[in-house]
Structures are given as structure tokens and as C-alpha cells.
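Report on one structure; see the data block that follows.
All ligand and atom numbering here is 1-based and tracks the order in the structure. If you're wondering where the values come from, they're calculated on a predicted model, not measured in any experiment.
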Amino acid sequence: MEIVVSGIRPTGNLHLGNYFGAVRAFVQMQREYDCRFFIADWHSLTTHPHPDNIVRNAYTILAEYLACGLDPEQATIYIQSDVPEVLELYLYLNMNAYLGELERTTSFKEKARQQPDNVNAGLLTYPALMAADILLHKGVKVPVGKDQEQNMEMARKFARRFNTIYGVDYFAEPQSYSLAGKAVKVPGLDGSGKMGKSDGNCIYLMDDEKTISKKVMKAVTDSGPTEPNSEKPDVIQNLFTFMEIVSTPEVYQHFDELYNNCSIRYGDMKKQLAADINAYAAPIRERIAEFSADQDQLRRIARQGAERAREHAAKTIEEVRRIIGFRSGK
Ligand code: TYM
């Protein structure tokens with residue numbers, strides 16, 4: 001069975017970008033594939049050196065994963081830092097990762113701009129750790145949003161390079177996966193390109209109905225089209241892209257027609273959008289509260305996930321050591 005791997009950084013609650021870009025695919029894939037989903041707490045240290053409580057944050061995401069429908073009986077669900085084997089693979093991949101290519105990645109450049117006082121080596125080698133996460137399981141399919149494309153390219157490059165350097169055909173090149181076959185980018189509703197925690201424009205799965213409505217009603221728009229069938233400016237296109245993701249095709253078409261004949265009222269469109277978002281979020285919200293209330297259960301699930309992940313990981317590390325040429329005395 002094909003192996004699927006993906007993770008999310010626990011730098012805050014899950015937002016709609018995480019959900020529609022990744023978690024919804026996790027839930028569907030767990031039925032068909034051998035899935036390993038983790039919480040990338042080590043990755044979050046690259047931007048959050050002192051998370052208030054890294055353990056609590058990881059458990060929050062775990063409760064949210066479960067509330068979204070991830071099933072620990074079907075998928076291996078674990079916390080990255082519970083599986084230290086990944087660090088050894090990270091080290092090997094780092095030995096074959098070059099400064100120039102790491103410095104050129106967009107996310108590194110972006111983060112370096114955002115936190116000029118903390119351009120740390122972890123930030124630079126972020127793609128190597130991400131590749132290690134995937135290759136540790138010999139993952140071939142990786143459900144991620146559009147923003148991860150460059151990291152995925154790096155993962156393929158590191159896999160290929162390992163094979164070439166050691167003259168083996170060991171790692172397959174992992175491919176991004178999205179539900180409809182098209183990478184998802186959930187836009188920000190503040191006129192910015194994408195919804196993201198560092199952009200402060202997130203609608204969270206945890207948000208209550210009123211908060212969702214408030215955030216959506218604040219979305220940036222313009223004064224409306226004056227010519228029939230005119231091209232949509234970016235902020236309006238964002239609103240439509242959002243609707244395409246969360247609403248039914250009929251609803252989308254309805255508002256698209258109103259736009260095209262210049263009779264659209266953005267207030268109505270936003271109300272519909274808020275209602276459609278809430279329809280997704282409401283049942284998940286309730287389940288988050290339930291799962292969060294039972295910390296013992298969360299700990300049990302994390303422990304069981306880590307045990308399973310470590311078994312797979314140990315096998316890969318043993319094989320990788322052999323390929324590189326380490327012969328331990330053990
Ligand atoms: P992270 O934590 O930033 O985001 C987690 C997942 O959510 C997706 N996502 C989005 N998708 C569409 N539109 C958006 N606005 C949006 N915002 C976030 C991301 O694409 C991602 O799939 N590097 C990863 C974490 C990671 C990982 C891995 C992923 C570490 N190791 C191994 C896959 C495999 C990250 O920072 O995601």
C-alpha cells in the first residue's frame with residue numbers, strides 16, 4: 001500500500017487554510033492509504049523559539065486532528081519530537097544540502113525578512129527536516145497546500161541526490177497530493193494572498209459563529225462592477241476563490257452571475273460565505289471541545305502513534321546506515 005505522510009506546525013490552532021489545504025485530504029486518504037500524520041513541533045522552533053507551551057500546542061493540534069475526523073486506528077498519528085529517528089536522517093540529508101539552494105528558497109527568504117534578528121540554521125535547513133519527515137517513512141504521497149510546492153521540490157531533490165550519491169534506488173520521489181487534483185490556496189480575506197498564521201488573517205476551526213461572521217463581513221471588497229462580465233480585481237477574486245472552496249457549485253455560480261450582470265451585493269455574498277464556513281466548522285468545533293477535555297486519551301493516542309512511527313523509522317534508519325556504509329558493532 002502506498003505510504004502517505006504529512007504534518008502541520010503547532011504554532012496556533014488549525015485554520016481554514018490548514019483544513020482545506022491539507023486536513024480534509026488526510027481524512028479521506030486514511031481510508032485508502034497507509035497514512036502517517038504528525039505534528040511538526042520541531043519545525044515550529046524555527047520561528048517560535050519560546051513557544052508558550054510547546055507540549056500544550058501539540059496536544060491542541062492533536063485534538064483538532066481527531067475532531068476533523070482523523071482516526072488513530074486507521075492512520076498513524078504522532079508528534080514529531082516523539083520520533084527522534086528523524087534527526088539522524090535530517091543530519092544525512094543536511095550533508096548533501098547546499099548553502100546556495102537553501103538560501104534561494106522563497107520561504108527562507110520570506111522568514112529571514114520577517115525575523116531579521118533570528119535567521120537561524122534551522123530556518124535555513126527547514127526543507128531538509130521536512131524531507132526527512134517524509135523520507136523517514138518512504139512516503140510517496142504528501143497532502144499539502146500550494147504554499148508547500150517548493151519544499152516538496154526540495155524533498156524530491158534530496159531523495160534523488162541520496163540515490164545518486166550512494167548509487168541506490170532507495171527513496172522514491174514524494175509527490176504533492178490534493179483532493180481535486182489541484183493544489184489549494186485558501187486566500188486571506190484581508191486582501192492579502194493567502195490565509196496564514198503569520199499574516200494574522202486566519203479564520204480558525206475553533207472560531208464561533210459570531211467570530212466567523214465578523215471576520216468574513218470585514219473582508220476587503222470594492223464598490224462593485226460597473227461593466228457586465230468584467231474581470232475581477234484581486235480582492236474580489238479572493239472572495240470568489242474562497243466561495244469556490246467552501247460553498248456548493250450552485251451557490252458559487254449564483255454569485256458569479258450576479259457579479260457578471262453587475263447586480264451583486266457583497267454583503268449578501270459574505271453572509272452566505274459565513275454561513276457555509278460555519279456549516280463546516282460547527283460540528284468540528286464541538287468535537288474539539290470533547291477531545292480536548294480528555295487529555296489522558298490524547299496522551300494515549302500520541303504514545304501509540306509514536307510507537308508505530310518509531311518502528312517504521314527504525315527500519316529506514318537501519319537501511320540508510322547500511323547504504324551509507326556505517327557498520328555498527330552492535
Ligand atoms: P504549515 O503548518 O504552515 O501548514 C500546514 C498545512 O496547511 C497548508 N496550508 C494551506 N493550504 C492552502 N491555503 C492556505 N492558505 C494554507 N495555509 C496552510 C499547508 O500547505 C500545509 O499543508 N512545512 C509544513 C509542515 C511540514 C510538513 C512536513 C508537511 C513539516 N514536515 C512533511 C508535509 C510533509 C508547514 O509549514 O505547514
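- For F37 and Y78, the gap between ring centers reaches or exceeds 6.0 Å.
- Comparing G7, A25, P10, P174 against atom 29 (C) of ligand 1, the shortest heavy-atom distance belongs to G7.
- Protein heavy atom nearest atom 20 (O) of ligand 1, with residue, atom name and distance: D147 OD1, 2.4 Å.
- No side-chain N or O of D71 forms a donor-acceptor pair with one of Q30 less than 3.5 Å apart.
- The aromatic rings of Y266 and Y259 sit tilted relative to each other, their planes meeting at an angle between 30° and 60°.
- Between K146 and ligand 1, no N or O atom pair is found at a separation short of 3.5 Å.
- Here the heavy atom of the protein found nearest to atom 37 (O) of ligand 1 is Q148 NE2, 3.7 Å.
- For ligand 1, the atoms sitting less than 4.0 Å from at least one non-hydrogen atom of I134 are 32 (C), 34 (C), numbered in the order shown with element in parentheses.
- In terms of N/O distances under 3.5 Å, ligand 1 is not approached by A40.
- Nearest protein heavy-atom neighbour of atom 2 (O) of ligand 1: R9 N, 2.9 Å.
- When only non-hydrogen protein atoms are considered, atom 23 (N) of ligand 1 lies nearest to Y126 OH, 2.7 Å.
- To the nearest 0.5 angstrom, E149 atom CD is 10.5 Å from K185 atom NZ.
- Of the polar atoms of D133, at least one N or O is found under 3.5 Å from an N or O of ligand 1, judged by distance alone.
- The protein non-hydrogen atom at the shortest distance from atom 13 (N) of ligand 1 is V186 N, 2.7 Å.
- Salt-bridge annotation for K232 and D256: present, with a side-chain N of the basic residue lying under 4.0 Å from a carboxylate O of the acidic one.
- Every atom of ligand 1 with a heavy atom of V142 under 4.0 Å away is listed here by number and element: 33 (C), 34 (C).
- Checking G17, A22, G12, G21 against atom 9 (N) of ligand 1, the nearest heavy atom belongs to G17.
- Judged by the shortest distance from any of its heavy atoms, S6 lies inside the 4.0 Å radius around the atoms of ligand 1.
- Residue contact check: V184 has heavy atoms under 4.0 Å from atoms 11 (N), 12 (C), 13 (N) of ligand 1.
- Side-chain N/O atoms of Y170 and E319 include a donor and acceptor closer than 3.5 Å.
- Closest heavy-atom approach to atom 4 (O) of ligand 1 among the candidates L16, N18, T46: N18.
- Clustering ILVMFWY residues whenever any of their side-chain heavy atoms sit less than 4.5 angstrom apart, transitively, puts M217 in a cluster other than the one holding V186.
- Not a single heavy atom of F20 sits under 4.0 Å from any atom of ligand 1.
- The proximity of Y19 to ligand 1, defined as any non-hydrogen pair under 4.0 Å, does not occur for either the backbone or the side chain.
- The shortest distance between side-chain heavy atoms of D276 and V251 falls below 4.5 Å.
- Every N/O-N/O distance between G196 and ligand 1 stays at or above 3.5 Å.
- In the model, R24 has a side-chain atom that pairs as donor or acceptor with a side-chain atom of Y280 under 3.5 Å.
- If you number the atoms of ligand 1 from 1 as listed, the ones under 4.0 Å from a heavy atom of K185 come out as 12 (C), 13 (N).
- Taking a 4.0 Å cut-off on heavy atoms, H15 registers as neighbouring ligand 1.
- Each of the atoms 11 (N), 19 (C), 20 (O), 22 (O) of ligand 1 lies under 4.0 Å from some heavy atom of G145.
- Ion pairing between a basic and an acidic side chain is recognised when a charged N comes within 4.0 Å of a carboxylate O; D147 and K194 show such pairing.
- The heavy-atom pair separating L298 from S292 by the smallest distance is CD1-CA, 4.4 Å.
- At least one side-chain heavy atom of M195 sits less than 4.5 Å from a side-chain heavy atom of L16.
- A salt bridge between E101 and K157 is present, with a side-chain N of the basic residue lying under 4.0 Å from a carboxylate O of the acidic one.
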